[in-house]
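Worksheet: the structure to be examined is printed underneath.
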Amino acid sequence: MTTQAEETTSTIPSKRATSALQMGPRKKVSTSDPLISHGCHFGGTVFALCNYPSLLTNGILRLEQMEDTPLEDFPAEERREHRVFEQLLDSYPGLLERLKTGSEEEIIHVGELIGKGAAGARGDDTKTLKSAVLDWISLKGAAIQPPLHRNSKIDRGFNHELTGSLLCPAGLDWNDAETKENLRSGEMLVCGDQWPIFLYAHHTFDTEDPWCGLLRSRLLVCAYKHVFTSPSSVDKEPKATRSGNARLHGMNSVTIASIAYIATQVRFALSSSLVFSRTDTTTDSETFYHSLLDLFEDPDESKEVDDLLTWWNRQVFPTSSAAKRPISANSALSKIRLKRMAAKQAASSNVVSS
């Protein structure tokens with residue numbers, strides 16, 4: 001017979017059973033704590049769909065295992081999970097010590113606080129983008145026909161001509177009557193790794209160069225500014241000053257996870273699905289989000305990802321060093337650099353000749 005104490009203890013994982021990089025169960029936590037605020041920002045910029053209690057318990061256990069086994073020997077999913085765990089530790093001073101000295105119940109509680117912040121921010125973003133996205137998909141001064149309701153999503157997705165054209169998987173032709181009908185009827189199922197055309201600049205997909213324009217659409221930039229800088233910054237030229245979530249959390253550059261987060265939110269806003277849930281097979285949001293991160297974290301795609309981040313930083317944080325703007329040709333700085341380079345080359349030539 002199992003005692004009540006044993007039943008309580010058994011709910012806390014003593015070994016890694018499932019991935020923490022999935023949405024956890026919804027759970028209300030009433031305690032106010034700085035970890036809640038931290039979770040708000042961490043979810044959008046590092047990893048959005050995460051079961052934080054599992055992330056922490058798995059991470060602490062893995063630290064012990066890594067005394068004998070290097071991280072490289074763990075499965076790929078666990079390596080990614082541990083990287084997220086380490087980023088969480090690095091972003092919140094004192095967290096590791098708190099986890100190491102705390103009880104198992106304390107670890108679970110910390111995870112719930114962070115998860116509450118992440119889930120709350122995600123819910124707020126979902127709510128505000130549901131309405132705001134309609135302002136960005138219509139032409140300036142033109143009304144959407146037939147009209148789309150700001151507080152209802154039932155007529156969105158493939159049910160509407162405009163949202164359907166944006167959600168149509170890249171490589172398919174929305175204007176093809178058979179394709180359109182199959183998407184609307186559900187006969188053609190769209191998986192999360194079939195990326196919609198709205199991810200591409202000017203909604204144009206190049207089959208010969210699928211990286212061309214990927215994740216550089218105006219719609220994504222509008223949504224990113226709305227969430228991370230401020231709603232009022234969407235239609236304005238980017239300035240040196242930062243506001244909103246970015247300013248509050250000292251954010252001065254774009255992260256790859258934040259791009260994936262915004263793309264996932266916009267995709268959901270355009271869809272007809274009512275609730276952001278991992279069980280929603282229609283939007284398949286988790287697969288979509290993970291598929292973007294898979295691309296971003298692929299070492300073979302590092303050059304393209306670096307170029308993408310530079311482009312994004314120029315759109316959102318143009319004065320940041322991450323924007324990597326070239327030095328003006330006739331500036332004093334460029335002349336100093338050129339003179340220094342010439343001096344180094346002359347010195348090298350002298351060494352060789354001697």
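Partners of Glu181 according to the side chain to side chain donor-acceptor pair (under 3.5 Å) rule, which considers only residues two or more places apart in sequence or in another chain, do not exist here. A search for side chain to side chain donor-acceptor pair (under 3.5 Å) contacts involving Thr126 returns Gln265, not counting sequence neighbours. Residues satisfying the salt bridge (charged side-chain N to carboxylate O under 4.0 Å, His left out) criterion with Glu297, sequence neighbours excluded, are Arg80, Arg83. Residues satisfying the salt bridge (charged side-chain N to carboxylate O under 4.0 Å, His left out) test with Lys130, not counting sequence neighbours, are none. Phe296 meets the ring-ring contact (aromatic ring centres under 6.0 Å, His included) test with no other residue; sequence neighbours excluded. Applying the side chain to side chain donor-acceptor pair (under 3.5 Å) criterion to Arg79, with sequence neighbours excluded, gives no partner residue.
Looking only at distances, a side-chain donor or acceptor of Ser185 sits under 3.5 Å from a matching main-chain atom of Glu187. The backbone N or O of Gly192 lies less than 3.5 Å from no partner atom in the side chain of Tyr289, so there is not a single donor-acceptor pair. The backbone N or O of Leu63 lies less than 3.5 Å from no partner atom in the side chain of Glu67, so there is not a single donor-acceptor pair. With hydrogens and angles disregarded, no donor-acceptor distance shorter than 3.5 Å links the side chain of Ser217 to the backbone of Ala201. For Ser233 (side chain) and Thr229 (main-chain N/O), no donor-acceptor pair under 3.5 Å exists by modelled atom type. Of the possible polar contacts, none joining the His226 side chain to the Val234 backbone as a donor-acceptor pair under 3.5 Å is found. Between the Arg216 side chain and the Trp312 main chain, no donor and acceptor come within less than 3.5 Å of each other. Asn159 places a side-chain N or O within donor-acceptor distance of the main-chain N or O of Ile154, the cut-off being under 3.5 Å. Judged by distance alone, the side chain of Ser131 and the main-chain N or O of Arg150 form no donor-acceptor pair under 3.5 Å. Between the side chain of Asp298 and the backbone N or O of Asp294 there is no donor-acceptor pair closer than 3.5 Å.
Counting only heavy atoms from C-beta outward, the side chains of Val110 and Leu95 approach each other to under 4.5 Å. Considering only heavy atoms from C-beta on, His41 stays 4.5 Å or farther from Ser37 through its side chain. Here the side chains of Leu71 and Arg62 are in contact, with some heavy-atom distance below 4.5 Å. Between Tyr52 and Leu35, the closest side-chain pair of non-hydrogen atoms is not below 4.5 Å. Between Phe268 and Val133, every side-chain heavy-atom pair lies at or beyond the 4.5 Å cut-off. His160 is listed as a side-chain neighbour of Thr163, based on a closest heavy-atom distance under 4.5 Å. Proximity of Glu64 to Leu61: side-chain heavy atoms (C-beta onward) are separated by under 4.5 Å at one or more points. Using a 4.5 Å cut-off on side-chain heavy atoms (C-beta onward), Trp174 and Phe158 make contact.
Within a 6.0 Å sphere centred on CD of Gln145, other residues, nucleotides and ligands contribute more than 12 heavy atoms. For CG of Asn151, the number of neighbouring non-hydrogen atoms (other residues, nucleotides, ligands) closer than 6.0 Å is 12 at most.
Atom CG of Asp176 and atom SG of Cys168 lie 9.5 Å apart (nearest 0.5 Å). The OG atom of Ser271 sits 3.5 Å away from the NZ atom of Lys153 when rounded to the nearest 0.5 Å. Of the inter-residue distances, the one linking Glu81 atom CD with Glu86 atom CD reads 11.5 Å to the nearest 0.5 angstrom. Atom-to-atom distance recorded for Ile197:CD1 and Leu172:CG is 9.5 Å, nearest 0.5 angstrom. Here the straight-line distance linking atom OG1 of Thr255 with atom CG of Asn313 works out to 9.5 Å at 0.5 Å rounding. With rounding to the nearest 0.5 Å, the separation of CD1 in Ile36 from CD in Glu112 is 10.5 Å.
For Asp125 and Tyr261, the side-chain atoms include at least one donor-acceptor pair closer than 3.5 Å. A donor atom on one side chain and an acceptor atom on the other are found under 3.5 Å apart for Ser91 and His38. Side-chain contact annotation: Ser258 with Tyr224, donor-acceptor N/O pair under 3.5 Å present. Donor-acceptor pairing under 3.5 Å is recorded for the side chains of Trp195 and Ser291.
Nearest heavy-atom pair, Leu293 versus Ala257, reported as atom, atom and distance to 0.1 Å: CD2-CA, 4.0 Å. The minimum heavy-atom distance linking Leu166 with Pro196 is given by the pair O-CB, 3.6 Å. Taking every heavy atom of both residues into account, Leu220 and Phe198 meet most closely at CD2-CE1, 3.8 Å. Counting all heavy atoms, side chain and backbone alike, Ser273 lies closest to Thr283 at OG-CG2, 3.0 Å. Smallest separation of non-hydrogen atoms from Leu219 and Val266: CD2-CG1, 3.8 Å. Across every non-hydrogen atom of Ser138 and Ile144, the tightest pair is CB-CG1, 3.5 Å.
Criterion: ILVMFWY side-chain heavy atoms under 4.5 Å apart, direct or through other members. Under it, Leu183 and Leu189 are not part of a common hydrophobic cluster. Cluster annotation: Trp211 and Phe288 are assigned to the same hydrophobic cluster (Ile/Leu/Val/Met/Phe/Trp/Tyr, side-chain heavy-atom contacts under 4.5 Å, transitive). Cluster membership for Ile60 and Met66, using ILVMFWY side-chain heavy atoms within less than 4.5 angstrom, is not shared. Following chains of ILVMFWY side-chain contacts shorter than 4.5 Å, one cannot reach Phe74 starting from Val84, and the two form parts of different hydrophobic clusters.
The pair Lys303-Asp307 counts as a salt bridge, with a side-chain nitrogen and a carboxylate oxygen less than 4.0 angstrom apart. Here Arg184 pairs with Glu161 in a salt bridge; the nearest charged N to carboxylate O distance falls below 4.0 Å.
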query = Given the rule in the side-chain contact (heavy atoms from CB on, under 4.5 Å) test, do His149 and Asp155 qualify, once you have shown the distances and angles that lead to the verdict?
reply = CA-CA 8 Å; His149 303 288; Asp155 50 358; 3.4 Å; yes
query = Do His82 and Phe85 pass the ring-ring contact (aromatic ring centres under 6.0 Å, His included) test, and can you show the C-alpha distance, the side-chain angles, and the key distance before you say yes or no?
reply = CA-CA 5 Å; His82 199 73; Phe85 174 69; 5.5 Å; yes
message = Could you walk me through whether Arg267 and Asp284 satisfy the salt bridge (charged side-chain N to carboxylate O under 4.0 Å, His left out) test, starting with their C-alpha distance in whole Å, then the side-chain angles of each, then the deciding distance to 0.1 Å, before giving a yes or no?
response = CA-CA 10 Å; Arg267 181 172 174 270; Asp284 200 15; 5.9 Å; no
Leu56 vs Ile108, side-chain contact (heavy atoms from CB on, under 4.5 Å): CA-CA, chis, key distance, verdict = CA-CA 8 Å; Leu56 298 185; Ile108 296 295; over 6 Å; no
inquiry  = Using side-chain contact (heavy atoms from CB on, under 4.5 Å), reason through Val254 and Phe228 one step at a time and then give a plain yes or no.
reply    = CA-CA 10 Å; Val254 174; Phe228 287 108; over 6 Å; no
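With a 6.0 Å cutoff to the six-membered ring centre and a 45° limit on the axis angle, Lys127 does not count as a cation-pi contact of Phe276.
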